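Here the structure comes first, spelled out in structure tokens, and everything after it is commentary.
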Protein chains: 2
Amino acid sequence: MGAKRSTASTIYDVAALAGVSHATVSRYLGGFEGIRPGTRERVAHALAELNYRPNLSARTLATNKSHRIAVLTGDLTSAGPSLTVQGIARSARAAGYVVDIVSFDVTDPDSLADAIGLMRSQDLAGVIALTISDAMRDAISTVHIEVPMHLDSGPADLPGPVGTSFNAAGIHLIVDHLASLGHRDIAHVTGSMDYFAAQSRATAFAEAIRNNELPEHPAIVGDWTSRSGYEALQRSLIHESVTAIVVGNDQAALGILRALNEAGISCPGDISVTGFDDIPEAEYYSPPLTTVRIDFESQGTFLFATLMSEIEGTPAPDGSQFMQPKLIVRSSTAAPRGR
Amino acid sequence: MGAKRSTASTIYDVAALAGVSHATVSRYLGGFEGIRPGTRERVAHALAELNYRPNLSARTLATNKSHRIAVLTGDLTSAGPSLTVQGIARSARAAGYVVDIVSFDVTDPDSLADAIGLMRSQDLAGVIALTISDAMRDAISTVHIEVPMHLDSGPADLPGPVGTSFNAAGIHLIVDHLASLGHRDIAHVTGSMDYFAAQSRATAFAEAIRNNELPEHPAIVGDWTSRSGYEALQRSLIHESVTAIVVGNDQAALGILRALNEAGISCPGDISVTGFDDIPEAEYYSPPLTTVRIDFESQGTFLFATLMSEIEGTPAPDGSQFMQPKLIVRSSTAAPRGR
DNA sequence: ACGGCTTGGACCTGCCCGTAG
DNA sequence: CCTACGGGCAGGTCCAAGCCG
């Protein structure tokens, strides 16, 4: 098992070629100033000649410092997590960190244990956990991970406008938009309630309804897939009086749109529909979807910066400089005309 | 820079607790048989007691073997790459490997160099490069990477039915389906021609057209986004006689559908449209999309298994056992009725 | 006393760091 | 300003010692 590592050149090879001791090379590498120009030159030359790369395993071992972080996630397929990972990976590379992606099967508790075990042997500087459900959080909190760790679940934990979250802010944007259009009976199709982000959106929805003094309708539990949106409507759980549906994300909204279409209910004529996330496809739905734009990639940047602040003691990033959710009005919402 | 690693228990701690030498613990860990039951028991107990995890940096250093692979990718946001990464990550975890995800900015050559540099110092057992364009491949081939490396670009390189690729097989499925419906004038909207997978699909399309002795139409170059599909039609590059459009992927097909809808052209009445990939949303398009199902996740499994065969000398996986592309006929295709 | 097991000690991996020269 | 040397990081591996019957 395992691959033989290449026989790359070591610091000793470099030292020999440059005719100095390995300590000098080490100093050069460490950015030490006091090296005579001639020596410095020879070292630099030897380094280039041998295409030297420090062996990070050895360095990590010796310094007891690591430049690797792990992202723990159960789902890379959805737009949110994968964009967030991309954002994390980008800023990590810029900071000289590598990101391990540790995935596990959401349906298999053992795989989480495996994943955590793997992480524990990896000399990590920190970990960011994405797409976290309650069950996962519990599982994670029972094990002892000795490094800084951030739990996150989509936009849920990010600071929004005024001490609120991006999720909440976005949902308020949506509901206010609908209310200002004249809608009163508004339904909500949630994502899987296991996930923080879905919970957060659902809570914000109920809150926004109350703020606008609108009648409350029970939430319809979905799971963020197009299928779940489609089926939510098939089960005709929508009350007659409802003129607008706030869907937990764009994919599920697509399913709703499809079901409406098949039922001969016009959108936005009879019912307005909204999404969440603003995935690139939302603009091309029929009709183009009114939704909220979330900048997942900069979220990843934010998460990484936050983790860095803990790891290296740098100042924590200012959440407010990250893009706020933004209402994108397209054609799937209109004033209600009654049914 | 860098975080202090946690003070986890070492093999010496375990040895001390068990009252044996660290060599014995090491043997136990290595699965060595010749350990007296009593000793074995004490070691096992100490291991559990201390919740011991081997330090992989030290192990890698000592054995000159690594259990880490890197996935080099420029795009984690599309369905294909992210699902493939997920497949890789899953089988990697099962095999005790960790996956470093090294992302770079497709538009920035420097970032590729950075990424490769980072990889070189990481003690990798191998690397899998995804979403590869010609430019990238050239950039990669100029550097010297000392470990097994697989270039891949989506389904392009995977073996299909008879020495052909998944991409080619899928496109043939589509074109044959259309031809059997009676279509003769079929257009193709490609993905970005930088990518192998898009090239491969375009080539297969031309081939399938010739096989069916149909008139050739120039390919319309897109980039796999919904926008590019939409704009391809806006530019009205479709010849009058065309009754079917084979689109390079599902997202772009959505854009086409939208443009058709806005232009008052009915699908499938006036024009049939097909996609590629069968993303979960395709079933909920209006109309539901006829497409080809590609199993990206098992592709990741395949890629990992292939890499393992090089790394550990295990037998190479049999490509034919991985899911073949499959035509999924829904409502976006029908017999042409002339225009 | 001899051969087979189990076990421990020494040394090595690539690198960092402190001290003495 | 630079080198030599010693020690350490966590663990692997070889050789030989110790034990047993």
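To find a chain, count down the sequence lines: A is the first, B the second, and so on, and within it residues start at 1. Just so it is clear, the model here is predicted, and its values are computed rather than measured.
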* Asked: Whole-Å distance between C/dC15 P and A/His67 NE2?
  -> 15 Å
* Structure fact -> Closest heavy-atom pair, B/Leu76 versus B/Ser82, reported as atoms and distance to 0.1 Å, is O-CB, 3.3 Å
* Structure fact -> With the side chain defined as heavy atoms from C-beta on, A/Tyr52 is closest, among D/dG12, D/dG11, C/dC15, to C/dC15
* **Interatomic distance, B/Arg36 CZ vs C/dT6 P [rounded to whole Å]** => 8 Å
* To do: Please tell me which of the listed nucleotides, D/dA4, D/dA10, D/dT13, lies nearest to the side chain of A/Leu61?
  => D/dA10
* **Sugar-phosphate only, base, or nothing, as touched by B/Tyr28 at under 4.0 Å among non-hydrogen atoms** => nothing
* Asked: Out of D/dG11, D/dG12, C/dC15, which nucleotide sits closest to the side chain of B/Ala58?
  -> D/dG11
* Asked: Of all the choices, D/dC2, C/dT7, C/dT13, which nucleotide is nearest to the side chain of B/Ile35 once you look at every atom?
  -> C/dT7
* Give the rounded distance in Å between these two atoms: CD of A/Gln122 and C1' of D/dG11. => 15 Å
* Structure fact -> Among the nucleotides D/dG11, D/dG8, C/dT7, whichever has the atom closest to the side chain of B/Ile11 is D/dG11
* Select base, sugar-phosphate, or nothing to describe what B/Val25 touches, counting heavy atoms under 4.0 Å on all strands. => nothing
* Any donor-acceptor N or O pair under 3.5 Å, side chains A/Gln122, B/Arg53 -> no
* Rounded to whole angstrom units, what separation is found between the CG atom of A/Asn55 and the P atom of C/dT13? -> 12 Å
* Could you check if a side-chain atom of B/Arg90 sits within less than 4.5 angstrom of a side-chain atom of B/Glu297, using non-hydrogen atoms only? => yes
* Can you check whether B/Ser57 has a side-chain N or O nearer than 4.0 Å to OP1 or OP2 of D/dG11? -> no
* Is the distance from OP1 or OP2 of C/dG14 to the nearest side-chain N or O of A/Arg59 less than 4.0 Å? -> no
* Distance, rounded to the nearest Å, where B/Lys65 contributes NZ and D/dT13 contributes C1' -> 13 Å
* **Side chain A/Thr306, main chain A/Phe302, donor-acceptor under 3.5 Å** => yes
* Please report the C-alpha distance between B/Asn55 and B/Ile11 in whole Å, then the side-chain angles of each, then the deciding distance to 0.1 Å, and finally whether the side chain to side chain contact (heavy atoms under 4.5 Å, CB included) criterion is met. => CA-CA 9 Å; B/Asn55 178 320; B/Ile11 202 174; over 6 Å; no
* Would a 4.5 Å heavy-atom cut-off, applied to side chains only, mark B/Met119 and B/Leu124 as touching? -> yes
* Please state how far atom CG in B/Asn64 lies from atom P in D/dG12, giving the value in whole angstrom units. => 14 Å
* Asked: Does D/dA10 have OP1 or OP2 sitting under 4.0 Å from an N or O in the side chain of B/Thr10?
  -> no
* Whole Å only: how far is the CD atom of A/Glu41 from the P atom of D/dC2? -> 13 Å
* Structure fact -> By nearest-heavy-atom nucleotide on DNA chain D, the more 5' of B/Leu29 and A/Gly19 is A/Gly19
* A/Ala48 backbone acceptor or donor facing A/Asn51 side chain under 3.5 Å -> no
* Asked: Do B/Arg27 and C/dG8 have a side chain to base donor-acceptor pair shorter than 3.5 Å?
  -> yes
* Using five pairs at either end of the helix from C/dC2-D/dG21 to C/dG21-D/dC2, determine the angle between the two local helix axes and round it to 10 degrees. => 50°
* Within the modelled atom types, does a donor on one side and an acceptor on the other bring the side chain of A/Tyr12 and the base of C/dG14 under 3.5 Å apart? -> no
* Structure fact -> Checking D/dG12, C/dC16, C/dT7 against the side chain of B/Thr63 (C-beta onward), the nearest is D/dG12
* Asked: Would you find a donor on one side and an acceptor on the other, under 3.5 Å apart, between the side chain of B/Arg68 and the backbone of B/Tyr97?
  -> no
* To do: Test for a donor-acceptor pair under 3.5 Å between the base of C/dG14 and the side chain of A/His22, counting only N and O atoms.
  => no
* Earlier contact from the 5' end, DNA chain C, for A/Leu56 and B/Pro37 -> B/Pro37
* To do: Can you tell me the distance, in whole Å, between the CG atom of A/Leu50 and the C1' atom of C/dG14?
  => 15 Å
* Structure fact -> Regarding the side chain of A/Ser26, the nearest nucleotide among C/dC16, D/dT13, C/dG8 is C/dC16
* Asked: Quick check: does any side chain N or O of B/Ser103 sit under 3.5 Å from a backbone N or O of B/Gly74, one acting as donor and the other as acceptor?
  -> no
* To do: Using a 4.0 Å heavy-atom cut-off across all strands, classify B/Arg40 as base, sugar-phosphate, or nothing.
  => nothing
* To do: Looking only at side-chain atoms of B/Ala23, point me to the closest of C/dG14, C/dT6, D/dT13.
  => D/dT13
